[in-house]
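Reading through the structure tokens given below for one structure.
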Amino acid sequence: DAHMARQRNAGLIILHDGKIRFERYARGYSAEGRWTSFSVVKSMTSTLIGAAIRDGAIKSLDDGIADYLPGLRGSAYDDVSIRHLLTMTSGVAWNEAYDDPAADVARFWSHTPEPDIDPWVGYMRKLEKAAPSGSVWLYNTGETNLLGSLIARATGRTLSAYMSEKIWQPCGMERDACWILSLGDTEVGGCCLSASLRDYARFGQFIVDGFASNGSTIVPDGWIDEATRKQADIGEAGRGYGYQWWTNDDGSFDARGIFGQGIFIDPQRKLVIVSNANWAGGARDPVASEARENFYREVKNAIDQEAALPAK
């Protein structure tokens, strides 16, 4: 409870071995409410890419993104693969500063979409190349939004419909979710799904269980290991970036959104921790972020100490 107050958490839930060990609500939020994911949904969008590959709608991660979104041809994305987008290593210039109204992440919402062009394609194809594809990691919400456009184009489905079939129904979610729409009235693949705390936790458990529903996985064999291990160097010791997942060298990984949204997963311990918050120190609040990392370590230590107790 003290941790919740310091983090300005509205909801915190801990699952261990598939069972709820802790669940608390605050700030007017409840089990019946929905809370925006911000970038936590990036990891769900990544999962839908895996599902589209298993379904045969996407042939390979090494296909060029412009093969599926031809509006990107002739742009800085000519030699960018789906894998580059998943790992945020396209080499395309992008500004993700949330406190800068001139940053790309803000400017998109005020630009005028071109007729008959996906709004994200229309914006992103005007960006410049800053580094060779695959050489540099750069956090880029716009490119996760392109992944959302890719899924819709390849499957012929809306992201919401595909999410419902591949994640919401197999997970047995208890509540409907809602997804903010872009200027082109399509879901924003990199942000802003709103769901209940327990349903975020169900998604985390779905990952621990290996994306399996009724004995059938929704993604290709080996996908979970690829997606949740370090694929790109982010310049932090012991950490990396997978397929839209933040990775740790100890095998744990997490989905993160600004202002304290998160799904932390430690598959070895069968541990899922979900937080919905409203950090006081800004979108990325470094003090609150470090405090949350410490909390994750404390929970892991508590589980290890419990496992070491003599059997009753």
Side-chain angles (χ1 to χ4, degrees), residues 39 41-42 44-96 104-105 107-163 165-166 179-192 219-220 223 226-227 231-232 243-244:
S39 290
V41 80
K42 286 182 169 69
M44 294 182 176
T45 297
S46 164
T47 302
L48 295 182
I49 291 286
I53 289 176
R54 186 175 179 88
D55 285 348
I58 296 173
K59 295 178 182 177
S60 168
L61 291 187
D62 295 315
D63 288 348
I65 183 64
D67 293 341
Y68 296 83
L69 299 174
L72 291 172
R73 288 176 183 154
S75 74
Y77 288 94
D78 265 346
D79 67 344
V80 172
S81 68
I82 298 170
R83 190 184 305 275
H84 291 143
L85 293 191
L86 277 173
T87 58
M88 296 199 178
T89 58
S90 71
V92 176
W94 175 265
N95 185 342
E96 186 87 13
D104 293 295
V105 75
R107 289 176 58 193
F108 166 77
W109 296 103
S110 60
H111 96 286
T112 302
E114 303 168 59
D116 302 321
I117 295 288
D118 177 277
W120 282 107
V121 170
Y123 186 89
M124 304 297 282
R125 69 181 181 177
K126 297 175 183 178
L127 300 177
E128 298 181 355
K129 203 76 167 180
S133 298
S135 64
V136 177
W137 178 83
L138 179 67
Y139 192 77
N140 185 331
T141 291
E143 292 186 341
T144 316
N145 296 339
L146 281 181
L147 289 175
S149 299
L150 162 64
I151 294 164
R153 180 68 176 265
T155 64
R157 311 277 297 282
T158 66
L159 276 181
S160 293
Y162 204 55
M163 175 82 85
E165 177 189 336
K166 298 300 179 179
W179 211 332
I180 194 172
L181 300 181
S182 72
L183 297 173
D185 291 332
T186 58
E187 298 89 338
V188 181
C191 181
C192 308
V219 293
W223 176 270
E226 286 186 31
Q231 300 284 351
Y243 296 164
Q244 307 284 302

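Computed from a prediction, not measured in an experiment: that's the story for all the values here.
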| task | Write out all pairs satisfying ring-ring contact (aromatic ring centres under 6.0 Å, His included) with one or both partners inside residues 44-69, taking only residues at least two apart or from two chains. | result | none

| remark: Tightest non-hydrogen contact, residues P113 and L183, listed as CG-CB, 3.7 Å

| request: To the nearest 0.5 Å, tell me how far S133 OG sits from I65 CD1. | output: 12.0 Å

| More than 12 foreign heavy atoms under 6.0 Å from CZ of R73: is that the case here? | yes

| Could you go step by step and tell me if I49 and I151 meet the side chain to side chain contact (heavy atoms under 4.5 Å, CB included) rule? | CA-CA 7 Å; I49 291 286; I151 294 164; 3.5 Å; yes

| field | Side chain proximity check, L138 to M88, heavy atoms < 4.5 angstrom | value | no

| Going by atom types only, do D104 and Y123 share a side-chain donor-acceptor pair under 3.5 Å? | yes

| query | If we ignore angles and hydrogens, is there a donor and acceptor under 3.5 Å between the side chains of D55 and Y162? | reply | yes

| How about R83 and S90: do any of their side-chain heavy atoms sit closer than 4.5 Å? | no

| So do the side chains of M124 and W94 get within less than 4.5 Å of each other, counting heavy atoms only? | yes

| Is the number of heavy atoms from other residues, nucleotides or ligands under 6.0 Å of D62 CG greater than 12? | yes

| For V92 and E128, what are the C-alpha separation, side-chain angles and deciding distance, and is it a side chain to side chain contact (heavy atoms under 4.5 Å, CB included)? | CA-CA 6 Å; V92 176; E128 298 181 355; over 6 Å; no

| said: Using 0.5 Å steps for rounding, measure from the CD1 atom of I82 to the CG atom of L146. | reply: 11.0 Å

| With a 4.5 Å limit on heavy-atom distance, are the side chains of T144 and L85 in contact? | no

| remark: Sequence neighbours excluded, the answer for salt bridge (Lys or Arg N to Asp or Glu O under 4.0 Å) partners of R54 is none

| query | Would a distance-only check, ignoring hydrogens and angles, find a side-chain to backbone donor-acceptor pair under 3.5 Å from T89 to S135? | reply | no

| Taking all atoms of both residues into account, what is the closest heavy-atom pair of L181 and V188, and its distance? | C-CG2, 4.0 Å

| message | Please report the interatomic distance CG(L159) to NZ(K166), rounded to the nearest 0.5 Å. | response | 13.5 Å

| CA sep, side-chain torsions, deciding dist, call: Y77, R125, side chain to side chain contact (heavy atoms under 4.5 Å, CB included) | CA-CA 7 Å; Y77 288 94; R125 69 181 181 177; 5.7 Å; no

| request: Might you point out which heavy atoms bring V41 and G189 nearest each other, and give the distance in Å? | output: CG1-O, 3.6 Å

| task | Could you give me the CA-CA distance, side-chain angles and deciding distance for L86 and L147, then say whether side chain to side chain contact (heavy atoms under 4.5 Å, CB included) is met? | result | CA-CA 8 Å; L86 277 173; L147 289 175; 3.8 Å; yes

| request: Working to the nearest 0.5 Å, report the span between OG1 of T186 and CD1 of I180. | output: 11.0 Å

| query | Within a strict 4.5 Å, meaning less than it, do heavy atoms of the S182 and N145 side chains meet? | reply | no

| Without hydrogens or angle criteria, can the side chains of S39 and K42 be said to hold a donor-acceptor pair below 3.5 Å? | yes

| field | Closest non-hydrogen atom pair, T141 against G190 | value | CG2-O, 4.1 Å

| message | Checking D79 now: which residues fulfil salt bridge (Lys or Arg N to Asp or Glu O under 4.0 Å) with it, not counting sequence neighbours? | response | K129

| message | Is the shortest side-chain heavy-atom distance between W120 and L69 below 4.5 Å? | response | no

| query | Are the side chains of Q244 and T87 in touch, meaning some heavy atoms are under 4.5 Å apart? | reply | no

| said: Can you give me the closest heavy-atom contact between G148 and T45, atom names plus distance? | reply: N-CG2, 4.2 Å

| said: If the condition is side-chain contact (heavy atoms from CB on, under 4.5 Å), which residues does A161 pass it with, not counting sequence neighbours? | reply: R157, T158

| task | May I ask you to test the W223-S46 pair for a side-chain heavy-atom distance under 4.5 Å? | result | yes

| said: If I compare all heavy atoms of T155 with all of A57, which pair ends up nearest, and what's the gap? | reply: CG2-CB, 4.0 Å

| said: Just to verify, what does D78 make a salt bridge (Lys or Arg N to Asp or Glu O under 4.0 Å) with, not counting sequence neighbours? | reply: none

| query | Can you list every ring-ring contact (aromatic ring centres under 6.0 Å, His included) pair that touches residues 131-158, not counting sequence neighbours? | reply | W137-Y241, W137-W246, Y139-W246

